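Step one of this worksheet: look at the structure below.
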Amino acid sequence: MASYTPMIQQYLRVKADYQDAFLFFRLGDFYEMFFDDAVNASQELEITLTSRDGGGKERIPMCGVPHHAAPNYIEQLINKGFKVAICEQVEDPKLTKGVVKREVVQLVTPGTVMEGKGLSDKQNNFLTTLTDFGDETFGLAFADLSTGEMHTTIISGPVQQLINEVYSIGAKEVVVEDSFPESIIQMLKERMIVTFSYEQAKTIPQEFIHLVDKLEQEKLLITVGRLLHYLKRTQKRSLDHLQPALFYELDHAMKIDLFSKRNLELTETIRSKGKKGSLLWLLDQTVTAMGGRLLKQWVDRPLIKKDQIEKRHEIVETLMKEYFTRQEIRELLKEVYDLERLAGRVAFGNVNARDLVQLRKSLSQIPSLKELLAGLPIDMTSVLENMDECTELTGLLHDSLVEQPALSVKEGNMMKDGFHEELDKYRDARRNGKTWIAELEKRERELTGIRSLKIGYNRIFGYYIEITKANISTLPEGRYERKQTLANAERYITEELKEKETLILEAEEKIIALEYELFLKLREEVKGFIPRLQKLAKAVSGIDVLQCFATISEERHYTKPSFNDERKIYIKDGRHPVVEKVMDSNEYVPNDSWMDRENEMLLITGPNMSGKSTYMRQVALTAILAQIGCFVPATEASLPIFDQIFTRIGAADDLISGQSTFMVEMLEARNAIVYATQNSLILFDEIGRGTSTYDGMALAQALIEYIHDKIGAKTLFSTHYHELTTLDQELDKLKNIHVSVVEQNGKVVFLHKMKEGPADKSYGIHVAELAELPKELIERAQSILEKLEATPEKVNIPQVREQSKDPLTQLSFFEVKEERVPNDEKLNKQEAQAIAKIKKMDLLDTTPMDALNKLYEIQKLLKTKK
Ligand code: ADP
Ligand code: MG
């Protein structure tokens, strides 16, 4: 190290503290990177790698970016999950001898971005921290640095819950202790792009003590402490906008685990991982960015308390009816700026006068907004109470700032006349000077008779008198002092003009300095309002989301759901909200869903692409919409309140990762089986697909039986194993339904309509027939199918075996109506007689002895050879 130049030595000293980040080292107008950072950055950012002599034996790899372009490059690195330490010169190079002092002023990390494309308007950017307390107990805290909100909880029990929660928060960065279990880190990394950072401290930094007043548990304090220390260490600036940490409990919301959220495409689609096409996309009729963020939080966390849900429904219903009020509310909200993020930027000190003017504009909407809400025909007190107009602040901003202030805070032109006496004085001086100049221009024109004479100003020469070449001959010799010659004009000055210029410029300078000072003072005052602004922001976002629900419910003809305590699902003419929207609602075929304690499970069969998956999801999404407080896509709906929803897709159908294996499928199924209660909703979509037919089918059946006997959760189970449709004879709470299909003009048409009973089984062969495959081939397929059905021994499932022996299961595709029609030809005479005998028996009028006798008779009949 000793042989390196002093600057490189300084670099290495700084870098030692920031091993996990790219160090942007300020050198004049550039941020330079050296050594490995340079090599890696040049690849990541596609910039040229050079080298420089650093005093050592070998040249040092180097690359750099101009300082004005740095935000762009930093953002690229952050989006790739890296961190960037920004090291600035903290002394004026002109005033120092030797190496200028440099310090890291900020560590930018994926969880702490404050601006730029990395920060989406309608999404929170949560920095998360985890603490392992042993015994499967974890502390979790997360904060959004841009809005200042902070939440914390304790999660005990299986790690899966923790993973689900971190996923649902959408954490981009997770801060842990060195000793945090590597296995969990790996699990998280497998499922999402997440950067891990380390922070050992677990106390609460002194200046943040007030943020944790309300936290009672030691574990929460330790967890939040780590988060705050990390923020302090990385940000090195004012964090006055951080809000007190709010404790929440997982059990206070409907639980939807990671797989289910993905499968149901709640906030992003499976294919593109984007918002478009998701439930959130469909719903998002919010007007403000903060409303958009709150909507996402609500979708991620449906409520489970009936009174809370009904409160939302009540407001939505009212807003839906009060069409004009709702339109007016929307208009007002359009003028409301992102108050939460603004508060964050006020704390950081990076707002300008234009931002504050927008704040003023936002605040001035609040009284009208409150008036509209108060006029609604329901009690809005609880909402109105939280809507603080911040009247003093509005007044202050009104008195101080002009309508259209300058973008830069160092150019003046921000403060109103009359706001500050001294400022007014300088402005007078400047104005007088300018009037004097205007008069001078007029006077000189008259005196010289040159009508085109004019007085101009530029930064280099200051004020000048300009006379075109054509008029110079008429100008009295020596009247002005020549200053500059242009192609077709001469520019002059006079002693007097220069004197005034000095006065004007001095006034100008003072105005700029004073306005800047006044602005900083104003900004400090706004800072004092941050907590009130944040509270207001929450109230406004809430109204925004509720008007969004009303808007979407009206637009898409949703209906207000009711809740029952009998664990009954009754949905009339239900639709899948997103599929319906995407496909133009006229084509969507609505379907009813009817489940109760006698019908806990639906076994859904039907050909591919007939609408099984859509139907199942439609039920889950309806439940979620209801529980976030929105209306639902149906003409009538009565639902239980679900505590959890599980959605699983068989591996072969799993488009999500492409890497999904049968093991994953089973792991996911296991979670549902272990955690579901009778108040849960389970969707199993073609589970068991990922393995060979018989063991997949065996597993599917065992799953159905287990849920049926042990859990009693409402379950929709779609399957391509037709053998399972006979299960309804064993399991009394299981009902078969199928998707109806018809043939029209030689084509198979999916009606997407659910019907009772199992689907036809030889559907595939019929489709092949319609597709005009050779007759011979079709016949061969038929006979193979028959043979397969006649030799069920390979299937090791008792019920299936029993049933498959029964030739009645072979149903002809186009004959399927409501009831199965026995194919008499395949029964021999004795069998037909036996069945007839059984059918004729009147069981109510039969003694056990009679029954035994009859049975003996029937058996004898069947044993006789044909
Ligand atoms: P399956 O799971 O039976 O293979 P899907 O549920 O994936 O079938 O549905 C296939 C396609 O059929 C969907 O993408 C959708 O376009 C259409 N579809 C499904 N249900 C309906 C419906 N009720 N009305 C109209 N079209 C539907
Ligand atoms: Mg499907």
Side-chain angles (χ1 to χ4, degrees), residues 259-260 262-265 269-272 276-279 281-282 556-558 571-594 602-622 625 632-637 646-658 660 665 668-669 682-690 696-697 700 703 715-722 724-725 736-742 744 747-761 763-764 766-767 813 816:
F259 312 112
S260 307
R262 279 187 183 165
N263 290 340
L264 291 172
E265 307 195 307
T269 61
I270 293 172
R271 273 164 214 259
S272 71
K276 185 152 196 267
S278 68
L279 182 70
W281 163 78
L282 169 91
R556 309 221 56 86
H557 308 290
Y558 291 177
I571 301 172
K572 191 165 161 32
D573 291 332
R575 287 112 58 197
H576 185 299
V578 180
V579 174
E580 173 195 46
K581 170 160 173 145
V582 174
M583 71 188 300
D584 178 2
S585 55
N586 295 335
E587 294 167 26
Y588 194 86
V589 182
N591 270 302
D592 299 344
S593 307
W594 175 249
L602 297 180
L603 188 70
I604 307 168
T605 41
N608 256 340
M609 289 302 285
S610 62
K612 299 183 297 299
S613 303
T614 310
Y615 177 73
M616 297 169 77
R617 282 170 175 70
Q618 154 183 326
V619 174
L621 293 176
T622 300
L625 283 171
V632 298
T635 53
E636 234 183 293
F646 299 92
T647 313
R648 298 295 181 265
I649 307 185
D653 246 14
D654 185 355
L655 308 164
I656 297 172
S657 43
S660 191
E665 182 181 329
E668 295 184 9
I682 300 179
L683 311 185
F684 273 173
D685 195 349
E686 312 244 5
I687 286 285
R689 241 188 162 171
M697 180 161 74
L703 279 169
T715 306
L716 284 80
F717 199 111
S718 75
T719 184
H720 58 290
Y721 297 124
H722 287 264
L724 297 179
T725 57
N736 279 309
I737 61 170
H738 70 279
V739 198
S740 56
V741 181
V742 292
Q744 269 173 11
K747 282 208 183 91
V748 174
V749 176
F750 298 147
L751 294 180
H752 303 301
K753 197 78 189 168
M754 291 293 160
K755 290 261 169 70
E756 297 213 352
D760 169 58
K761 184 167 185 189
Y763 162 81
H766 285 281
V767 174
F813 178 58
V816 183

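Atoms within each ligand, like the ligands themselves, are counted from 1 in listed order. Computed from a prediction, not measured in an experiment: that's the story for all the values here.
Numbered from 1 in the order shown, with element, the atoms of ligand 1 that lie under 4.0 Å from a heavy atom of Tyr588 read 21 (C), 22 (C), 23 (N), 24 (N), 25 (C). Those atoms of ligand 1 with a heavy atom of Pro607 less than 4.0 angstrom away are 3 (O). For ligand 1 and Glu587, the ligand atoms under 4.0 Å from any heavy atom of the residue are 25 (C). If you number the atoms of ligand 1 from 1 as listed, the ones under 4.0 Å from a heavy atom of Gly611 come out as 1 (P), 3 (O), 5 (P), 6 (O), 8 (O), 9 (O), 19 (C), 20 (N). Atoms of ligand 1 lying under 4.0 Å from any heavy atom of Met583, numbered from 1 in the order shown and given with element: 25 (C), 26 (N).
Contact detail for Thr269 and Ser278: the closest heavy-atom pair is CG2-N, 3.7 Å.
Remark: side-chain polar atoms of Asp685 are not paired, donor with acceptor, to backbone N or O of Ser718 under 3.5 angstrom.
Below 3.5 Å of separation, one finds an N or O of Met609 facing an N or O of ligand 1. Residue-to-ligand polar distances place Ser613 within reach of ligand 1: an N/O pair is separated by less than 3.5 Å.
Of the listed residues (Val589, Thr614, Val582), the one carrying the non-hydrogen atom nearest atom 20 (N) of ligand 1 is Thr614.
Side chains of Glu686 and Tyr721: no donor on one and acceptor on the other come within 3.5 Å.
Contact between Gly606 and ligand 1 is absent, with no heavy atom of the residue lying under 4.0 Å from the ligand.
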